[in-house]
Peer 1: 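Sharing a structure with you now.
A quick note: this is a predicted structure, and the numbers were derived from the prediction, not measured.
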2 protein chains.
Amino acid sequence: MTKPLAKSAISQKRVLDAAARIFRDYGYAGATMRVIAEEAGLKAGSLYYHYKSKDELISAVLDLGMNAAIEAMQTALAALPAEATGRQRLEVAFRTHVATIIANGDYSLATSRVYGQVPEAIRIQHQKLRDPYGLMWREILTTAQKRGEFRADANLTLARLLILGALNWTAEWFKPGSRSIDDVASGFAAIVMDGLAVPGGGSSG
Amino acid sequence: MTKPLAKSAISQKRVLDAAARIFRDYGYAGATMRVIAEEAGLKAGSLYYHYKSKDELISAVLDLGMNAAIEAMQTALAALPAEATGRQRLEVAFRTHVATIIANGDYSLATSRVYGQVPEAIRIQHQKLRDPYGLMWREILTTAQKRGEFRADANLTLARLLILGALNWTAEWFKPGSRSIDDVASGFAAIVMDGLAVPGGGSSG
DNA sequence: GGGTTTTTCTAACTATTGTTCGGTTTTGCT
DNA sequence: AGCAAAACCGAACAATAGTTAGAAAAACCC
């Protein structure tokens, strides 16, 4: 009764990693316990020693991906100096989000692809984790606007939806090796901050 | 042997619409023929009178959604005057894309959610439809840059990926009634063209 | 080594899956 | 009306789904 977790935790992570890959490739219903087990090097029945149902398994995958993203973002933002500009904070947020998505690619893709198909009870539960993440972004944007770094008339809600959509989509196309994470993050930041148009070119709206 | 299609086409569309909704909500494997049939007001066996397999059904859903998007975009761009600016063309493209996604919401969401989980043969086939759509966007951006309307150093590949990611994501959050399609499109266009930052504020990159 | 706990396997159970097919109803036409 | 085609149903098929339970193996501790 001391701590029999250390050994089990390894297997549990191996199962979770396998599940993330299979859920990502086959969706919630298409990912069968037998295929997940094979990917993890076990037989189907053995999965139930670690997770007591398929639903509990997908919940664990969803939560781990989201928690990793939240944690990375909080750490990165906390490491910034207090006098960091809104642009700097936004750039760090971009970089952190993309880096997290790439590092946990299996979980990120599994989450974004499977989220809409999971049983409602699981989705509602998981949504509680997602909300604070959205709030972090909202805070970054509104603070920068209050400081006068962003246009006063900029629609920050739309901006946030644009940013999160674009960033989450990176998981679908980013291939390590061709472009670096920093290139993507700073490229995105440049567009969102300064736009594509040449300054002072045409009229707006 | 004249034209027995007219009547059948109605039922076929009814089946297709139902399939789009069910695929969107349950994913490729999770959408069962029986549930799709019920949504369409039939029994499972009757589906096979209209589509000879589940794979053919999902293929039809994917293709219809994509074709509608391509067609709408071509029509909208062709309707523009030849002297339209790059900004105007981009704004029209934004508006058209969002409008199409909202109008065909079931198909759009089904497509974007299910695309990654569909059998490989179907995905490869469908990809042929997707490529020309990406080319249309590429052309809009490069033309505007050649004309000197966009920054010469702007990374248009990243811009295109950002735009498509953000636009496709709208299908997930857009709720008719609260915000208008035009508001979203022009809001997105404003950010992508001019950025969030106040002009001449800080230094870039 | 023996004894215990942790981990995995095997074999099964029921429910449900995509699909088929012969029969039945509906429709369109004259 | 009557006939033929079109559209649908009902019941079944083999395959596979999630899950369970008990036996077997592996790992651990003394």
Peer 1: Provide, to the nearest angstrom, the distance between the CD1 atom belonging to B:Ile36 and the P atom belonging to C:dT17.
Peer 2: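 For the pair B:Ile36 CD1 and C:dT17 P, the rounded distance is 11 Å.
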
Peer 1: Checking side-chain polar atoms at under 3.5 Å, does A:Thr157 have a donor or acceptor matched by the opposite partner on A:Arg160?
Peer 2: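 On atom types as modelled, these side chains do not qualify, holding no pair under 3.5 Å.
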
Peer 1: Distance only, no hydrogens: is a donor on one side chain within 3.5 Å (strictly under) of an acceptor on the other, for A:Gln127 and A:Tyr115?
Peer 2: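 Looking only at side-chain atoms, A:Tyr115 and A:Gln127 do form a donor-acceptor pair, the distance falling under 3.5 Å.
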
Peer 1: Using whole Å, report how far CD of B:Gln12 lies from C1' of D:dC8.
Peer 2: 15 Å

Peer 1: Does A:Phe174 have its ring centroid less than 6.0 Å away from the ring centroid of A:Trp169?
Peer 2: no

Peer 1: Against B:Thr143, only a single residue in B:Arg147, B:Glu139, B:Gln145, B:Lys146 fulfils side-chain hydrogen bond (donor to acceptor under 3.5 Å, both in side chains); can you say which?
Peer 2: B:Glu139

Peer 1: Scan residues 51-63 of chain A against DNA chain D and write down, sorted by residue number, each residue with any heavy atom closer than 4.0 Å; if none is found, say none.
Peer 2: A:Ser53, A:Lys54

Peer 1: Give the rounded distance in Å between these two atoms: CD1 of A:Ile10 and P of C:dT6.
Peer 2: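 The distance from CD1 of A:Ile10 to P of C:dT6 comes to 16 Å, rounded to the nearest Å.
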
Peer 1: Would B:Lys54 pass as a cation-pi partner of B:Tyr28, given that its NZ or CZ must be under 6.0 Å from the six-membered ring centre and within 45 degrees of the axis?
Peer 2: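 Geometry flag: set, cation within 6.0 Å and 45°.
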
Peer 1: Which residues pass the salt bridge (charged side-chain N to carboxylate O under 4.0 Å, His left out) test with A:Arg151, sequence neighbours left out?
Peer 2: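 A:Arg151 satisfies salt bridge (charged side-chain N to carboxylate O under 4.0 Å, His left out) with no residue once adjacent residues are dropped.
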
Peer 1: At a cut-off of 3.5 Å, list every protein nitrogen or oxygen paired with a nitrogen or oxygen from nucleotides 8-11 of chain C, distance to 0.1 Å.
Peer 2:
from: C:dT8; atom 1: OP1; to: A:Ser11; atom 2: OG; distance (Å): 3.0
from: C:dT8; atom 1: OP2; to: A:His50; atom 2: NE2; distance (Å): 2.7
from: C:dC9; atom 1: OP2; to: A:Lys43; atom 2: N; distance (Å): 2.7
from: C:dC9; atom 1: OP2; to: A:Ser46; atom 2: OG; distance (Å): 3.0
from: C:dT10; atom 1: OP2; to: A:Lys43; atom 2: NZ; distance (Å): 3.2

Peer 1: Rounded off to whole Å, could you give me the OH-to-P distance for the A:Tyr28 and C:dT17 pair?
Peer 2: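 Taking OH of A:Tyr28 and P of C:dT17, I get 13 Å after rounding.
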
Peer 1: Mind checking the CD1-CD spacing from B:Ile122 to B:Glu56? Nearest 0.5 Å is all I need.
Peer 2: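 Interatomic distance, B:Ile122 CD1 to B:Glu56 CD, rounded to 0.5 Å: 9.5 Å.
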
Peer 1: Taking atom P of C:dG18 as reference, at what distance in whole Å does atom CD1 of B:Ile22 sit?
Peer 2: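 Those two atoms, CD1 and P, are 12 Å apart.
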
Peer 1: Could you measure the distance from the CD atom of A:Gln125 to the CG atom of A:Asp55? Nearest 0.5 Å is fine.
Peer 2: 12.5 Å

Peer 1: What is the distance from OH of B:Tyr48 to P of D:dC13, rounded to the nearest Å?
Peer 2: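 Result: 17 Å.
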
Peer 1: NA contact type, B:Ala40, heavy-atom cut-off 4.0 Å: base, sugar-phosphate, or nothing?
Peer 2: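 Here B:Ala40 touches no strand at all.
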
